[in-house]
Novice: 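A single structure is presented below for examination.
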Amino acid sequence: MGFFDFLTEEIAIDLGTANTLIIHNDKVVVDSPSIVAMDRRNNKIIAVGQEANQMQGKTHENIKTIRPLKDGVIADFNASEQMISLFIKNIPSLKKRFFTPSLRMVICIPSGITEVEMRAVRESAERVNGKEVYLIHEPMAAAIGIGVDIMQPKGNMIVDIGGGTTEIAVIALSGIVCDKSVKIAGDVFTNDIIYYMRTQHNLFIGERTAERVKISIGSATEELENPPEDMSVQGRDLLTGKPKEILISYREIHKALDKSIIRIEDSVMETLAQTPPELAADIYNTGVYLAGGGSMLRGLDKRLSQKTELPIFIAEDPLRAVVRGTGTVLKNIERYKSVLIK
Ligand SMILES: Nc1ncnc2c1ncn2[C@@H]1O[C@H](COP(=O)(O)OP(=O)(O)OP(=O)(O)O)[C@@H](O)[C@H]1O
Ligand SMILES: [Mg+2]
């Protein structure tokens, strides 16, 4: 411990396509949608997180909402940096400080990210006062967050279905043995629903409405044990131009999502097929762990279980598994040195 260590604060960040989470002092202090609202006239950020989310789809010509991440990677660096910087500044225990403390940060990144993108994330973090910046792969963080002992000579399969990407990884001895990252996840599910409503019902619905439909009645299977009630969905009639409402069942949403779910199933099967036999034997015994918000889609666990003939377990708090794992690594940097990206 150096003399000036009291000037350093430690934070763990899960910078996700859909949600950004930050842990500080063992607590989740930020859990917000990854969205900023910007004034077009002067490019000033006027809102971030929840507040910006509520403006989505309802802006006028002077305001635009931006989701700085797309498909799991940063698409708009300027917006993403400003968003992170505001999230950090608004952490209550840091707000009280006289000056911005220097930060020791662990940030998780998708496993499919390129060297250039990785460097950009690191530089971004340094510009928001990150003095020591460590990166960790998202499925590794998810595994640690779920409570898997990643250091054992034992194979574990993690499937993290987020907003932008589905990350599938087999982990053993603190390393990723094989992995796959596909750009099919929550955002694609939402767009599938928008497309389905447009083509099957001539109803044009917004993104926020489609996401509500997905969460309320979304289903990966045609037969659910505890089916949700039908839902009324409002939008604009494409033929008459008038606002309209129709009643939708979970079976229809299953139809809308089926193609995308098949692609996730295929990716899981491909990763299993690449797994070395000793590790495959371990996975046969322990099953597959699911994390990420997309894993909460009704019936998805059952469907994956039928396809793989393996037991499937959903993480306790799937939306927070990755940030919890990142927080664990932050607290035990020495112990987890081998999983950090150089
Ligand atoms: N109950 C639910 N059923 C289905 N989908 C859900 C549910 N709850 C949240 N989601 C979806 O989960 C996604 C967000 O998950 P998560 O926060 O894990 O993603 P992320 O980490 O931001 O994205 P990524 O890891 O791809 O960068 C969103 O698309 C959201 O609509
Ligand atoms: Mg994620």
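We count residues from 1, following the sequence as given. Both counts, for ligands and for their atoms, begin at 1 and track the order of listing. Treat the numbers as computed from the prediction; the structure is a model and nothing was measured.
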Novice: Between R67 and D187 (salt bridge meaning N to carboxylate O under 4.0 Å), is one present in this structure?
Specialist: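 Salt bridge present between R67 and D187.
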Novice: Which atom name would you report as the N, O or S atom of E138 nearest the Mg ion (ligand 2)?
Specialist: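 For E138, the N/O/S atom sitting closest to the Mg ion (ligand 2) is OE2.
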Novice: Where on L319 is there a heavy atom closer than 4.0 Å to ligand 1, on the side chain, on the backbone, on both, or on neither?
Specialist: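 It is the side chain that gets close, since no backbone atom is under 4.0 Å.
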Novice: Identify the protein heavy atom lying closest to atom 5 (N) of ligand 1, giving its residue, its atom name and the separation to 0.1 Å.
Specialist: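 For atom 5 (N) of ligand 1, the nearest protein heavy atom comes out as G293 O, 3.5 Å.
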Novice: Under a 4.0 Å N-O cut-off, is there an ion pair linking E270 with K180?
Specialist: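 Salt bridge present between E270 and K180.
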Novice: Please give me the minimum heavy-atom distance between M38 and I46, naming the atom from each residue.
Specialist: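 So the two residues come closest at N-CG1, 4.2 Å.
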Novice: So, regarding A18 and ligand 1 (criterion: nitrogen or oxygen to nitrogen or oxygen, under 3.5 Å), is there a contact or not?
Specialist: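 Min N/O separation from ligand 1 is below 3.5 Å for A18.
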Novice: So which protein heavy atom does atom 23 (O) of ligand 1 come closest to, and at what separation?
Specialist: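 Nearest neighbour among protein heavy atoms for atom 23 (O) of ligand 1, to 0.1 Å: G163 N, 2.9 Å.
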Novice: By number and element, which atoms of ligand 1 are closer than 4.0 Å to a non-hydrogen atom of G164?
Specialist: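 Counting from 1, the qualifying ligand atoms are 23 (O), 24 (P), 26 (O).
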Novice: If we set the cut-off at 4.0 Å for heavy atoms, which region of M296 has an atom near ligand 1: side chain, backbone, both, or neither?
Specialist: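 M296 to ligand 1: contacts from backbone and side chain alike.
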Novice: Distance under 4.0 Å to a non-hydrogen atom of G294: what atoms of ligand 1 satisfy this?
Specialist: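 Those qualifying, in numeric order: 12 (O).
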Novice: Verify, without hydrogens or angle tests, whether Y250 (side chain) and L224 (backbone) share a donor-acceptor contact under 3.5 angstrom.
Specialist: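 Yes.
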Novice: Inspect the contact between R251 and E223 and indicate whether a charged nitrogen and a carboxylate oxygen are less than 4.0 angstrom apart.
Specialist: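 Here E223 pairs with R251 in a salt bridge, since their nearest N and O are under 4.0 Å apart.
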Novice: Among protein heavy atoms, which lies nearest atom 21 (O) of ligand 1, and at what distance?
Specialist: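 Answer for atom 21 (O) of ligand 1: G16 CA, 3.8 Å.
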Novice: Which ligand 1 atoms does L297 reach within 4.0 Å, using its non-hydrogen atoms?
Specialist: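 Close to L297: 3 (N), 4 (C).
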Novice: Counting distance only, does the side-chain N/O of R298 pair as donor-acceptor with the main-chain N or O of S219 below 3.5 Å?
Specialist: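 A pair under 3.5 Å: no.
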Novice: Side chain, backbone, both or neither: which part of E138 has a heavy atom under 4.0 Å from ligand 1?
Specialist: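 For E138, the contact with ligand 1 is made by the side chain alone.
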Novice: If you measure from atom 13 (C) of ligand 1 to every heavy atom of S34, A220, G162, S219, which option wins on shortest distance?
Specialist: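 Nearest heavy atom to atom 13 (C) of ligand 1 lies in G162.
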Novice: Between the side chains of R303 and D258, is the shortest nitrogen-to-carboxylate-oxygen separation below 4.0 Å, so that they form an ion pair?
Specialist: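 Salt bridge present between D258 and R303.
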Novice: Kindly identify the option in L69, L15, I215, T17 whose heavy atom sits closest to atom 27 (O) of ligand 1.
Specialist: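 Checking each option, the heavy atom nearest atom 27 (O) of ligand 1 is found in T17.
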Novice: Please find the pair of heavy atoms, one from I146 and one from L290, that lie closest to each other, and give the distance.
Specialist: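 Taking every non-hydrogen atom into account, CD1-O, 4.3 Å.
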Novice: List ligand 1 atoms under 4.0 Å from G292, heavy atoms only on the residue side.
Specialist: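 Within the 4.0 Å cut-off of G292, ligand 1 contributes 18 (O).
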Novice: Answer with yes or no whether A185 contacts ligand 1, where contact means a heavy atom under 4.0 Å from a ligand atom.
Specialist: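 It does not; every heavy atom stays at 4.0 Å or beyond.
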Novice: Could you check atom 30 (C) of ligand 1 against the protein and tell me its nearest heavy-atom contact, residue, atom and distance included?
Specialist: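 For atom 30 (C) of ligand 1, the nearest protein heavy atom comes out as E211 OE2, 3.2 Å.
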Novice: Quick test: of every protein heavy atom, which one is nearest to atom 17 (O) of ligand 1, and how far off is it to 0.1 Å?
Specialist: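 Result: N19 ND2, 2.8 Å.
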Novice: Do any nitrogen or oxygen atoms of T165 lie less than 3.5 angstrom from nitrogen or oxygen atoms of ligand 1?
Specialist: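 Yes; at least one N/O pair falls below 3.5 Å.
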Novice: Within the supplied structure, the quantity of interest is the number of heavy atoms (other residues, nucleotides, ligands) at a distance under 6.0 Å from E126 CD; does it exceed 12?
Specialist: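 Result for CD/E126: enclosed.
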Novice: Please check if atom CZ in R263 has more than 12 non-hydrogen atoms from other residues, nucleotides or ligands closer than 6.0 Å.
Specialist: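 At most 12 heavy atoms, drawn from other residues, nucleotides or ligands, come within 6.0 Å of this atom.
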Novice: Is the backbone N or O of L86 less than 3.5 Å from a side-chain atom of N90, with the two atoms forming a donor-acceptor pair by type?
Specialist: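 Indeed, once roles are kept as given, a pair shorter than 3.5 Å links the two residues.
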